[in-house]
Amino acid sequence: MHNLFLNPFGELNMFKKIVSISALALALAACESTGDHGMSDGTMAGNMVPGSYEDFCHSCGDRAFFATNSHHLTAEGKATAAKQAEWLAQYNHPSCTIEGHCDPRGTSEYNLGLGERRAESMKKELAKNGVQTGSMSTVSYGKERLAVEGNHEGAWSQNRRAVTVVN
Amino acid sequence: MFYESKMMRNYFCILCAIIATLLGVTVSRAELEINVTRGTIEPMPIAIPTFMTSAADASLGDKISEVITNDLRDCGLFIPVDPGAFIQDPVSLQQGPHFSEWRLIKADSLVVGKVEDAGNGNIRVEFRVFDVVREAQIEGKAFTGTMQEWRRIAHKVADSIYKRIIGDEGYFDTQIVYVSREKHQGEPVERIAIMDQDGANMHYVTAGDSLVLSPRFSPDMRFITFTDFGQSQHAHVYLMNLETRQKMLMGNFPGLTFAPRFSPDGTRLVMSFARGGVTSLYAFDMQTRQIHQLTRDPVIDTSPSYSPDGSKIVFNSDRGGQTHLYVMNANGGNVERISFGQGSYRTPVWSPRGDLIVFTKILAGTFYIGVMRPDGSGERLITSGYLVESPCWCPNGRVILFTREAKRGDPRLYSIDITGYNEREIPTPTSAAHGSWSPLIP
């Protein structure tokens with residue numbers, strides 16, 4: 001009994017891990033669910049139509065994540081942008097919309113601005129990697145369209161994102 | 001003299017009592033100390049017997065007395081005496097109060113009223129307020145309106161009682177506009193709803209086919225402004241005529257617009273325009289349709305709010321790194337930072353009295369609602385939680401409306417006295433956020 005109370009952190013870490021894994025699964029599911037641009041079966045890489053939105057999601061990842069209150073892309077985010085730019089070039093530069101989102105730990109109005117700034121960071125990074133500025137538009141949802149519901153950092157970190165949607 | 005001062009205590013006296021009994025709730029963390037002050041007051045006992053009714057609808061007297069009773073109880077400054085304790089019968093009461101019998105049940109004041117037919121489907125509601133201790137009538141008025149307007153008439157009676165005893169204008173004959181949030185088959189549905197301040201007469205004014213945020217009434221209450229993502233999914237500021245429900249885009253901005261608020265004279269909107277990673281403040285003149293850029297720094301400037309005389313604007317900006325509150329002239333000049341505490345300060349709204357600015361503060365993972373003077377002095381936090389935001393004022397500047405979201409739960413509207421006293425949920429049929437209080441209904 002006492003051990004349970006004295007050592008809660010092991011359990012907490014385990015809980016966090018489970019949460020992160022399920023959050024990641026949800027994020028991938030979200031990408032698949034928006035993929036009405038190509039074939040609906042996006043579960044197996046072998047079945048994907050090259051050039052489809054599912055292909056884009058699985059080949060490069062459709063989103064980059066940000067630190068709290070930050071609009072600076074991480075090294076991982078920059079790598080994602082490079083892969084996205086390469087993919088877009090390969091498929092004749094389709095137009096795309098970059099959505100900026102925030103976690104729910106801010107105020108609605110400020111977060112609309114922050115989401116716009118995050119979308120713009122991704123747009124600039126994609127432009128740096130050769131994507132035509134004119135083919136990209138940006139929108140911000142602030143904290144109004146969460147990818148992952150939850151009251152912990154595992155969920156919040158999944159919501160601080162820029163999502164590239166290929167039109 | 002003693003009796004007189006007891007009855008005639010106005011808000012100033014009550015405020016003194018509040019200050020004298022302020023309780024400091026201190027939360028200490030490493031390197032920071034946060035005080036949330038919660039006032040307590042002793043509400044005044046008031047007896048409100050059922051209004052005698054000779055009108056066709058005999059239930060009106062009960063219903064009107066109930067609305068008045070709820071208004072006065074919910075504002076926290078009155079405590080209605082239990083009608084079960086009343087000694088004097090309602091019929092003899094119409095001839096005049098037996099003051100000793102009301103003193104016996106410890107009522108400081110007494111409201112006696114009646115409801116009559118006034119012809120053409122109208123009713124006339126007459127009421128008198130008595131100082132039980134001094135044995136004197138201190139107020140007597142009558143309101144006439146249609147039968148359907150009985151709730152508004154009841155709120156007007158409550159406003160008159162409040163004003164006579166507290167000394168400030170009442171705020172019961174008002175409405176609240178907010179964003180209703182529901183899930184339909186897993187999909188979020190947001191609609192703008194308008195209701196009376198007590199939650200009655202709720203109705204939706206948008207269809208729920210787009211994401212909507214931050215609705216606000218125009219000073220004449222004929223319009224609301226709000227942010228609507230529309231079918232394009234791009235946030236834009238709109239104006240809606242509440243009579244025709246016609247919606248008009250406010251300004252042809254090549255980007256996102258949001259966070260609109262009316263100027264006190266109702267001729268302009270101040271709002272945020274975001275493009276290229278920069279969010280700046282603009283004023284939009286609704287008559288000339290001219291746009292004036294107010295801020296130009298490469299930062300996020302948002303949540304603007306005019307001072308009641310229209311000469312200044314308070315807003316939040318991250319120009320200094322952390323988000324803080326700034327005040328500038330309404331034309332954009334002379335920007336001065338006013339918040340200097342730890343944490344992030346947001347969503348400032350100027351009190352209709354001009355004496356205070358309410359704001360949201362975020363510090364170490366906790367959200368607070370606080371007030372400070374327009375020069376930044378006298379900062380006081382009045383409530384806190386996992387998520388509290390979008391504060392605004394009731395028209396007399398004594399009560400704050402805000403959104404509260406529990407760690408596990410949906411957002412709801414709450415009101416709280418500026419002293420931190422009497423925090424209570426305002427009942428809504430769905431989740432509710434971004435509430436905004438109307439002026440007194442014209």
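To find a chain, count down the sequence lines: A is the first, B the second, and so on, and within it residues start at 1. Side chains included, hydrogens not; waters and symmetry mates left out as well; all remaining heavy atoms used.
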> Under 4.5 Å from any heavy atom of chain B, what part of A:Lys123 do you find: side chain, backbone, both or neither?
neither
> More than 12 foreign heavy atoms under 6.0 Å from CD of B:Glu182: is that the case here?
yes
> So does B:Gln293 have more than 12 non-hydrogen atoms from other groups sitting under 6.0 Å from CD?
yes
> Nearest 0.5 Å, please: how far is CZ in B:Arg346 from CG in A:Asn111?
6.0 Å
> Which pair of non-hydrogen atoms, one from A:Thr138 and one from B:His234, has the smallest distance, and what is that distance?
O-NE2, 3.6 Å
> CZ/B:Phe315 to OH/A:Tyr110 distance, rounded to the nearest 0.5 angstrom?
13.0 Å
> Pick whichever of B:Thr403, B:Ile300, B:Thr302 has the most heavy-atom pairs under 4.5 Å with chain A.
B:Ile300
> May I have all residue pairs that pass salt bridge (Lys or Arg N to Asp or Glu O under 4.0 Å) and include part of residues 314-326 of chain B, sequence neighbours excluded?
A:Arg117-B:Asp318, B:Asp297-B:Arg319, B:Asp301-B:Arg319
> What pair of heavy atoms forms the shortest contact from A:Glu116 to B:Val278, and how long is it?
OE1-N, 3.7 Å
> To the nearest 0.5 Å, what is the distance between OG on B:Ser214 and CD on A:Glu109?
4.5 Å
> Of the backbone (N, CA, C, O) and the side chain (C-beta and beyond), which part of B:Thr360 lies under 4.5 Å from a heavy atom of chain A, both, or neither?
side chain
> So, taking the atom named OG1 in A:Thr107 and the one named NE2 in B:His434, what distance separates them when rounded to the nearest 0.5 Å?
9.5 Å
> Under a 4.5 Å heavy-atom cut-off, does chain A meet the side chain of B:Tyr386, its backbone, both or neither?
both
> If you count heavy-atom pairs under 4.5 Å between each of A:Leu114, A:Asn69, A:Leu112 and chain B, which one has the most?
A:Leu112
> Using only atom types and a distance under 3.5 Å, with no angle test, would you say the side chain of B:Glu389 pairs donor to acceptor with the backbone of A:Ser108?
yes
> What distance do B:Leu256 atom CG and A:Tyr141 atom OH have between them, rounded to the nearest 0.5 Å?
10.0 Å
> How long is the span from the CD atom in B:Gln233 to the CD atom in A:Glu99, to the nearest 0.5 Å?
8.0 Å
> Looking at A:Lys143 and B:Glu405, does any basic side-chain N land under 4.0 Å from a carboxylate oxygen?
no
> Please state whether the side chain, the backbone, both or neither of A:Arg145 comes within less than 4.5 Å of a heavy atom of chain B.
side chain
> For chain A, which of B:Leu387, B:Thr227, B:Thr347, B:Ile362 has the most heavy-atom pairs under 4.5 Å?
B:Leu387
> Does anything in residues 81-98 of chain A reach chain B? List residues with heavy atoms under 4.5 Å apart, or say none.
none
